Amino acid sequence: MKRSFNNFFPTHGGAVYYLGKKFNLNPLEIVDLSSSVNPLTKEFLQEITEEYLPYVSLYPPQDSEEVSSFMEETFPVEKKNILWGNGSMELLRLTINLWGKGKRILILEPTFVGYRNILAQNKPKEIINFFSLQRTSWMEMLSQLKITYPKVEMIILCNPNNPTGWIIPKDFLKEIIYKHPEVIFLVDEAFIDFREKESLLNIEKIPENLFIFRSFSKFYGLAGLRLGCVISAEKNIGLLKKEQPTWPVQTLTLVLARALMENKNFKKKTLMYFEEERNYFQERCKNLGIEYFQTTTNFVLFKLQKGESFWQKLLLEKKILLRNCVNFFGLDGDYLRISLKERKWTEEVLETARKWLFGEQS
């Protein structure tokens, strides 16, 4: 009997425990290509973890300013402009709690489902979803923002975008943000480490209407340890700080994050590795006639006819988990996102897709 998965698509990548329980799969045996976490982190940390285990018994720094002192050499942002926390989504939630209630909020779609989940817990006056699968359409809309959406008060933007992987140039965004001081811009740079020069941290001054969110889950692979930060004007950071607990992050999280950031070889190896894997996957898609989105990150969005069934086949027969994008605004089950990890798993997905396209039995 064929099982329907329509009601079981998780709202976030990495849901191996959830799907394992639902479909009697061992979560440790699932090859997780749904979450965009750097697979090279594990190899690096295996070599150094023992050295940092004594930190487990130490209390972490008591506030974000002490965390900044701990991290400042590797993350050069002035203490007054940065707040550290238990993942960037916690900080985004705090920001929306303080500035989003009663606002008309524009979300550029398709994008990370978590934004809508956070907004559902608040009381914005209106949520506006601008959908396009063309980066140029996003830019055209932003260029004419007050003509198209004259009453918008807050914009949530993921850059590079999840799930498409495209990026809006820093100079263009800077111009729009400076042009509209009456609009609050929440810019999620969770994947910006793959294109660091395009980060808004590189602009001359952080204006009061800008909040930049950075994550250590993706490029640095610390999804299970939870570390993120928000960068904004000193006044905004002061207000956010009042909402935080005494110990905003864990000690071991901090020391491992700093070790990763200080290791230049880790960053260089990561950038080279994913450039090669991106090129390989996209070239194979091109050869197979699979529609895909040119990406700047460690994941690729692609489209297959009857994609939900393909997703099921991979999970049940191969124990390979992709991110089905059925719950991304404006997308359907034919859109799939693969996080690039070991080449052998990429090849398994591509070979299964080839057989799927040409009607061959696997």
Side-chain angles (χ1 to χ4, degrees), residues 13-14 35-95 114 160 162 187-196 199-202 211-232 237 240-241 244-274 297-298 339 341:
S35 64
S36 305
V37 177
N38 188 348
L40 304 182
T41 299
K42 182 179 177 181
E43 176 187 342
F44 174 75
L45 291 183
Q46 281 176 335
E47 300 173 5
I48 66 166
T49 299
E50 188 174 351
E51 175 185 347
Y52 291 106
L53 283 180
Y55 282 93
V56 172
S57 61
L58 299 180
Y59 275 98
Q62 287 199 7
D63 59 35
S64 183
E65 187 169 327
E66 289 185 22
V67 176
S68 295
S69 297
F70 192 87
M71 297 286 284
E72 64 183 351
E73 292 183 8
T74 56
F75 207 85
V77 177
E78 288 190 59
K79 295 176 186 177
K80 65 181 182 179
N81 294 121
I82 187 169
L83 188 72
W84 295 87
N86 184 37
S88 58
M89 284 302 97
E90 176 201 67
L91 296 167
L92 181 66
R93 179 180 59 79
L94 289 177
T95 303
N162 171 18
V187 182
D188 183 0
E189 293 190 342
F191 293 94
I192 200 68
D193 300 276
F194 293 98
R195 290 292 185 275
E196 183 65 48
S199 173
L200 286 170
L201 290 185
N202 297 318
F211 294 80
I212 305 166
F213 299 87
R214 298 290 293 259
S215 171
F216 285 74
S217 296
K218 314 303 183 183
F219 188 91
Y220 291 102
L222 297 178
L225 292 178
R226 312 309 303 144
L227 180 64
C229 59
V230 56
I231 298 94
S232 190
I237 294 300
L240 283 167
K241 191 179 294 186
Q244 277 200 312
T246 304
W247 293 284
V249 293
Q250 300 174 38
T251 310
L252 189 59
T253 299
L254 287 174
V255 294
L256 294 180
R258 188 169 69 176
L260 286 166
M261 293 188 74
E262 288 176 344
N263 189 292
K264 303 301 181 185
N265 186 53
F266 173 80
K267 186 167 187 175
K268 181 179 179 181
K269 185 177 179 180
T270 293
L271 291 171
M272 291 175 61
Y273 179 82
F274 285 112
T297 65
N298 61 340
S339 295
K341 295 182 180 177

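Quick caveat: nothing in here was measured; it's all calculated off a predicted structure. Atom set for the values below is all heavy atoms of this structure, side chains included, hydrogens, waters and symmetry mates excluded.
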J.: After noting the C-alpha distance and the side-chain angles of V230 and I237, does the key distance pass the side-chain contact (heavy atoms from CB on, under 4.5 Å) rule?
T.: CA-CA 8 Å; V230 56; I237 294 300; 4.3 Å; yes
J.: If we ignore angles and hydrogens, is there a donor and acceptor under 3.5 Å between the side chains of R226 and S217?
T.: yes
J.: Keeping E189 on the side-chain end and S199 on the backbone end, is there a donor-acceptor pair under 3.5 Å?
T.: no
J.: Let me confirm one number: the CG-NZ distance from L94 to K241, rounded to the nearest 0.5 Å.
T.: 13.5 Å
J.: Please report the shortest heavy-atom distance between A259 and F44, naming the atom on each side.
T.: O-CZ, 4.0 Å
J.: Measuring from atom CG of L222 to atom CZ of F216, what distance do you get when rounded to the nearest 0.5 angstrom?
T.: 8.0 Å
J.: Mind checking what makes side-chain contact (heavy atoms from CB on, under 4.5 Å) contact with V37, not counting sequence neighbours?
T.: S35, A223
J.: Quick one: pull up CZ in F194 and CG in L271 and give me the separation to the nearest 0.5 Å.
T.: 7.5 Å
J.: Considering non-hydrogen atoms only, spot the tightest contact between S88 and F213 and give its length.
T.: O-CD2, 4.0 Å
J.: Report the C-alpha distance between D188 and M89 in whole Å, list the side-chain angles of each, state the deciding distance to 0.1 Å, and finish with yes or no for side-chain contact (heavy atoms from CB on, under 4.5 Å).
T.: CA-CA 9 Å; D188 183 0; M89 284 302 97; 3.8 Å; yes
J.: I need the full list of side chain to side chain donor-acceptor pair (under 3.5 Å) pairs touching residues 253-263, with sequence neighbours left out, sorted by first then second residue.
T.: none
J.: How many angstroms lie between NZ in K42 and NZ in K341, if you round to the nearest 0.5 Å?
T.: 11.0 Å
J.: Knowing that exactly one of S36, S339, P160 qualifies, which makes a side-chain contact (heavy atoms from CB on, under 4.5 Å) with T297?
T.: P160
J.: Does any N or O in the side chain of N81 come within less than 3.5 Å of the main-chain N or O of S232, such that one atom is a donor and the other an acceptor?
T.: yes
J.: Can you tell me how far CD of E90 sits from OG1 of T95, rounded to the nearest 0.5 angstrom?
T.: 10.0 Å
J.: Using side-chain contact (heavy atoms from CB on, under 4.5 Å) as the criterion, point out the one residue from L45, T270, V255 that pairs with L260.
T.: L45
J.: For the pair Q244 and L91, evaluate side-chain contact (heavy atoms from CB on, under 4.5 Å) and give the outcome as yes or no after the intermediate values.
T.: CA-CA 9 Å; Q244 277 200 312; L91 296 167; 3.8 Å; yes
J.: Identify, with sequence neighbours excluded, every residue that meets side-chain contact (heavy atoms from CB on, under 4.5 Å) alongside D193.
T.: E196, R214, F219, Y220
J.: Between V249 and N86, which heavy-atom pair has the shortest distance, and what is it?
T.: CG1-N, 4.1 Å
J.: For the pair T41 and F266, evaluate side-chain contact (heavy atoms from CB on, under 4.5 Å) and give the outcome as yes or no after the intermediate values.
T.: CA-CA 8 Å; T41 299; F266 173 80; 3.6 Å; yes
